[in-house]
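Notes to accompany the following structure.
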Amino acid sequence: MTEHLIVEREAGLMTLRLNRLDKKNALTRAMYSQLAEALLAADAEPGVRAVLLSGGAECFTSGNDVADFLQAPPTSLDSPVFHFMRALFELKKPIVAAVAGSAVGIGTTLLLHCDLVYVSRCAKLKMPFVSLGLCPEFGSSLILPRLLGHAKAAELLLLGESFSGAQATEWGIANAVLDDGAATLAKAREMALRFSQLAPSAVEVSKRLMQAPGREELRQVILEEGELFGQRLRTPEATEALSAFMQRRKPDFSKFV
Ligand code: COA
């Protein structure tokens, strides 16, 4: 069976590569569990100084697997997707993301919890939660209006407008935009390897200090969004939108009041 998450350890770096390109690296329940397990292991293993997350040189991730959303939606905050969110939110060690191609839904919101983010010029980021009858998740309803102002955040979160690697960099979501996927992976790896040369507990303490302001508020918002997102997955609006994606048609919201 194909491994949908490749985990490698080398020179103080734990590399996590999403490997489900035929589905644009859509994240299944099993992949969330594997990601959560790997992140917990990264914190537990003294030899790991940083984590590098990528989806390879072509695509980051198309977000949650839509078939999973329909057939096995998360039923509680104990579901695999929330294990993953918690593991990333609580990760003590630095994590660097390399984003090439599409980064949809949680593919974009998870970047708000990474320490360094490198994007390719062709990257296309998008949070189509409302278009899918859903609502923002993983703290995005708090973080993005603060980072971008309400008006810009509304374009991204309410209208689900896509944005480029260059825009992500201009807006402070990413550190730098690179010419292509290979250059993005190389830059992210180079920066992640720098942590191997630094004093590990100084890095850890500093990351914690940077995260501390507003942390409890953010934790509460993530829980609240998670509850609402789970409820919304069971609404007729979301069922219509998710079924429409699977059937390659436009959703019809005209019957909803
Ligand atoms: N869940 C399940 N399957 C997905 C998927 C997802 N999130 N994203 C893509 N796929 C599947 C497609 O159904 C298609 O499968 P098929 O070859 O068996 O028909 C395959 O991956 C390739 O996707 P396709 O849409 O043909 O590729 P594209 O290059 O035209 O578009 C995306 C790429 C990522 C822009 C587009 O697939 C997309 O918008 N995906 C859905 C994203 C989404 O809504 N995610 C949930 C966010 S909450």
Side-chain angles (χ1 to χ4, degrees), residues 2 4-5 18-35 54-75 79-82 84-85 88 97-113 119-141 143-144 153 155-165 167-168 173 180-181 184 222 225-253:
T2 321
H4 288 157
L5 179 70
L18 307 173
N19 183 40
R20 198 184 173 220
L21 267 182
D22 58 325
K23 297 288 180 191
K24 303 286 172 188
N25 288 335
L27 295 163
T28 60
R29 290 160 53 85
M31 289 164 78
Y32 284 125
S33 295
Q34 288 162 5
L35 280 165
S54 87
E58 289 169 41
C59 177
F60 188 57
T61 167
S62 59
N64 204 105
D65 188 289
V66 172
D68 260 13
F69 263 163
L70 281 165
Q71 287 147 27
T75 49
S79 302
V81 61
F82 295 116
F84 163 67
M85 287 186 190
L88 179 56
V99 181
S102 293
V104 187
I106 197 167
T108 291
T109 60
L110 73 80
L111 302 175
L112 306 173
H113 303 277
V119 281
S120 75
R121 201 164 294 288
C122 65
K124 198 169 166 191
L125 300 94
K126 192 174 161 86
M127 293 169 286
F129 302 118
V130 171
S131 319
L132 291 171
L134 301 169
C135 65
E137 37 87 293
F138 211 174
S140 54
S141 67
I143 299 171
L144 289 174
E155 279 180 359
L156 307 186
L157 287 174
L158 300 185
L159 297 180
E161 295 226 321
S162 59
F163 56 104
S164 67
Q167 285 171 309
I173 293 171
D180 56 31
T184 307
I222 294 173
E225 290 171 339
E227 288 281 0
L228 288 169
F229 196 98
Q231 287 171 21
R232 292 221 52 86
L233 275 170
R234 287 163 185 76
T235 60
E237 291 179 2
T239 307
E240 164 59 16
L242 296 167
S243 307
F245 173 77
M246 297 306 285
Q247 294 158 12
R248 292 188 175 268
R249 63 172 173 84
K250 274 193 180 310
D252 175 8
F253 296 121

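We count ligands from 1, going down the list as the structure has it; atoms in each ligand are counted the same way. One-based numbering along the sequence shown.
- For K126, the NZ atom counts as densely surrounded, since its 6.0 Å shell holds more than 12 non-hydrogen atoms of other residues, nucleotides or ligands.
- Around atom CD of E58, no more than 12 heavy atoms belonging to other residues, nucleotides or ligands sit under 6.0 Å away.
- Between atom CG of residue L125 and atom OG of residue S162 there is a gap of 8.5 Å, rounded to the nearest 0.5 Å.
- With sequence neighbours left out, D68 forms a salt bridge (charged side-chain N to carboxylate O under 4.0 Å, His left out) with no residue at all.
- Remark: R248 pairs with no residue by the side chain to side chain contact (heavy atoms under 4.5 Å, CB included) rule, at least two apart or across chains.
- Partners of R232 according to the side-chain hydrogen bond (donor to acceptor under 3.5 Å, both in side chains) rule, which considers only residues two or more places apart in sequence or in another chain, are E237.
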Report all N/O contacts between ligand 1 and the protein shorter than 3.5 Å as a table of atom names and distances to 0.1 Å; if there are none, say 'none'.
{"residue": "ligand 1", "atom": "1 (N)", "partner": "V66", "partner atom": "N", "Å": "2.8"}
{"residue": "ligand 1", "atom": "7 (N)", "partner": "S62", "partner atom": "O", "Å": "3.2"}
{"residue": "ligand 1", "atom": "7 (N)", "partner": "S62", "partner atom": "OG", "Å": "3.4"}
{"residue": "ligand 1", "atom": "7 (N)", "partner": "N64", "partner atom": "O", "Å": "3.0"}
{"residue": "ligand 1", "atom": "8 (N)", "partner": "S62", "partner atom": "OG", "Å": "3.0"}
{"residue": "ligand 1", "atom": "15 (O)", "partner": "K23", "partner atom": "NZ", "Å": "3.3"}
{"residue": "ligand 1", "atom": "18 (O)", "partner": "K23", "partner atom": "NZ", "Å": "2.6"}
{"residue": "ligand 1", "atom": "19 (O)", "partner": "R248", "partner atom": "NH2", "Å": "3.1"}
{"residue": "ligand 1", "atom": "21 (O)", "partner": "D22", "partner atom": "O", "Å": "3.4"}
{"residue": "ligand 1", "atom": "26 (O)", "partner": "R248", "partner atom": "NH2", "Å": "3.1"}
{"residue": "ligand 1", "atom": "29 (O)", "partner": "K24", "partner atom": "NZ", "Å": "3.4"}
{"residue": "ligand 1", "atom": "45 (N)", "partner": "S62", "partner atom": "O", "Å": "2.8"}

